[in-house]
J.: 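Sharing a structure below in structure tokens format, with a few things to ask.
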Amino acid sequence: MSTWQPHLETSTELLDPAPVAALAALLDDGLPVPGPGDTLPPLWHWVALPRWAASGELGPDGHPRRGSFLPPVELPRRMFAGGEIRFHAPLLVGSTVRRETEVVSVTEKNGRSGALVVVDVQIRLFDDTGKLAIEESQNLIYREAAPTPNRAAELPSAEDTLPGPPLRRVADDAWELRTDPALLARFSAATANAHRIHYDWPYATGVEGYPGLVVHGPLQAIALAEVHRLMGGAPIRELRHRGRAPLFCGQPARLLATAVPDGVALELFGPGGESAGPNATVDLTTE
């Protein structure tokens, strides 16, 4: 990475109603579809402002090749580990948005599973008046591949992963998240995410060593934030999301919402249940 230098990327983009409607169709949760002039729901900018790389720019894992905007990290496994978002002003569907993106730090570490590289990216979105609307930091982690395919996880059969609405309420403060290959493929397309661990079973299992398709970290975070919307929650000022353990396609997942001082704690528990700890968390500070 000696010759690579971080740099600021700036673009002006339309907050297109089409991908917003696509995410509403994917979630299929009964809430009105945000249309032109409506406020974009929290985290939906990940879908509303997709960034499609040219096919010739993609690397073996489906992500854009490293060494241009992102540093030339050689470790093969990439994970969207979490981040923080501050909501300063609403973004309106159909408006024009200015985006500023830059890598603010690259840190090499040694973890329990070996070498790690943590890349922190900062994103700023400005509305069509030039006002800062969203300030976001994203944490990307690069790891070594598993030495042999991991077959420890028990995964559902194909008959148990048929397409259907992903969210279902099971109690006043609890929901279920149901995932299937069609959902993962549609979310990959909606977010312009060509990472092969989410749709390419031979690659995910044979190359990166996962037991099955990996549920996107952003999909889990959006599902948790959507629970807050479905419960009629207060407007959000800050949101912190963290991926703590992978969730694989078709595995049962339970989402819990707990009121805390100044906000809401949202947790997603995988097949291990609450005793195993959450697979993903979203902490909200509300108005």
Side-chain angles (χ1 to χ4, degrees), residues 1-10 43 46 50-54 56-85 99-124 135-150 152-153 184 187-188 191-200 203-221 239-248 277-283:
M1 290 188 281
S2 58
T3 60
W4 176 86
Q5 292 294 326
H7 60 277
L8 179 69
E9 288 191 350
T10 303
L43 299 185
W46 291 341
R51 310 194 79 178
W52 285 89
E57 296 175 1
L58 299 182
D61 62 355
H63 273 301
R65 295 182 185 276
R66 304 160 196 168
S68 178
F69 174 71
L70 290 172
V73 179
E74 295 182 359
L75 299 173
R77 271 190 174 183
R78 167 176 161 157
M79 296 180 297
F80 185 74
E84 297 185 9
I85 303 174
R99 184 204 311 247
E100 296 180 354
T101 312
E102 60 183 330
V103 174
V104 294
S105 68
V106 180
T107 308
E108 298 182 10
K109 297 183 178 182
N110 280 306
R112 289 177 298 177
S113 59
L116 299 173
V117 175
V118 181
V119 178
D120 293 326
V121 179
Q122 188 170 56
I123 301 162
R124 294 176 292 276
E135 196 173 11
E136 175 177 8
S137 62
Q138 294 183 355
N139 313 126
L140 308 178
I141 294 181
Y142 295 88
R143 295 174 46 199
E144 298 172 341
T148 57
N150 176 9
L184 268 59
F187 190 78
S188 289
T191 53
N193 182 354
H195 196 183
R196 294 168 65 182
I197 63 172
H198 303 304
Y199 61 87
D200 185 340
Y203 176 86
T205 58
V207 177
E208 295 212 16
Y210 292 111
L213 299 178
V214 181
V215 179
H216 312 68
L219 176 56
Q220 296 178 59
L239 183 154
R240 295 164 296 284
H241 59 96
R242 181 65 54 191
R244 301 185 182 278
L247 180 71
F248 299 104
N279 290 55
T281 60
V282 166
D283 296 307

J.: Quick one: OH on Tyr203 to CG on Leu213, what's the gap to the nearest 0.5 Å?
T.: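 Result: 13.0 Å between the selected atoms.
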J.: Could you check whether atom CD of Glu9 has more than 12 heavy atoms from other residues, nucleotides or ligands sitting under 6.0 Å from it?
T.: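 Atom CD in Glu9 is packed in, count exceeds 12.
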J.: Tyr142 and Leu75: which non-hydrogen atoms are nearest, and at how many Å?
T.: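 Taking Tyr142 first and Leu75 second, the nearest heavy atoms are O-CD1, 3.4 Å.
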J.: Write down the atom of Val103, the atom of Leu70, and the distance for their closest heavy-atom approach.
T.: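 Heavy atoms only, the tightest pair is CG2-CD2, 4.1 Å.
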J.: For the side-chain contact (heavy atoms from CB on, under 4.5 Å) test, which of Val119, Asp120, Val121 pairs with Val104?
T.: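 Going through Val119, Asp120, Val121 one by one, the side-chain contact (heavy atoms from CB on, under 4.5 Å) with Val104 is satisfied by Asp120 alone.
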J.: Does the side chain of His63 reach to within under 4.5 Å of the side chain of His195, using non-hydrogen atoms?
T.: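 Answer yes - side chains close enough.
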J.: Testing the basics here: between Val214 and His198, what is the closest heavy-atom pair and its distance to 0.1 Å?
T.: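 The answer is O-ND1, 2.6 Å.
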J.: Side chains of Glu102 and Pro6: closer than 4.5 Å at any heavy-atom pair?
T.: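 Not touching, per the 4.5 Å side-chain cut-off.
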J.: Quick check: do Arg242 and Asp283 have side-chain heavy atoms less than 4.5 Å from each other?
T.: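 A side-chain contact is absent here, since even the closest heavy-atom pair is not under 4.5 Å.
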J.: Are Phe187 and Pro218 side-chain neighbours, meaning at least one heavy-atom pair lies under 4.5 Å?
T.: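 In short, these two side chains touch, coming nearer than 4.5 Å.
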J.: Just wondering, do Trp46 and His216 contact through their side chains at under 4.5 Å, heavy atoms?
T.: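 Not touching, per the 4.5 Å side-chain cut-off.
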J.: So do the side chains of Asp61 and Arg66 get within less than 4.5 Å of each other, counting heavy atoms only?
T.: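 Yes - at least one pair of side-chain heavy atoms lies under 4.5 Å apart.
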J.: Do Phe80 and Leu140 have side-chain heavy atoms sitting under 4.5 Å apart?
T.: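 A side-chain contact exists here, since the closest heavy-atom pair is under 4.5 Å.
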J.: How long is the straight-line distance from CG of Leu116 back to CE of Met79, given to the nearest 0.5 Å?
T.: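 If we round to the nearest 0.5 Å, Met79:CE and Leu116:CG are 7.0 Å apart.
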J.: Determine whether Arg124 and Leu8 make a side-chain contact, defined as any pair of heavy atoms from C-beta on separated by less than 4.5 Å.
T.: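 SC-SC contact between Arg124 and Leu8 confirmed.
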J.: Just verifying a value: how many Å separate Lys109 NZ and Arg143 CZ, rounded to the nearest 0.5 Å?
T.: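 If I round to the nearest 0.5 Å, the distance is 13.5 Å.
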J.: I need the minimum non-hydrogen distance between Val215 and Phe248, along with the two atoms involved.
T.: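 So the minimum-distance heavy-atom pair works out to CG2-C, 3.8 Å.
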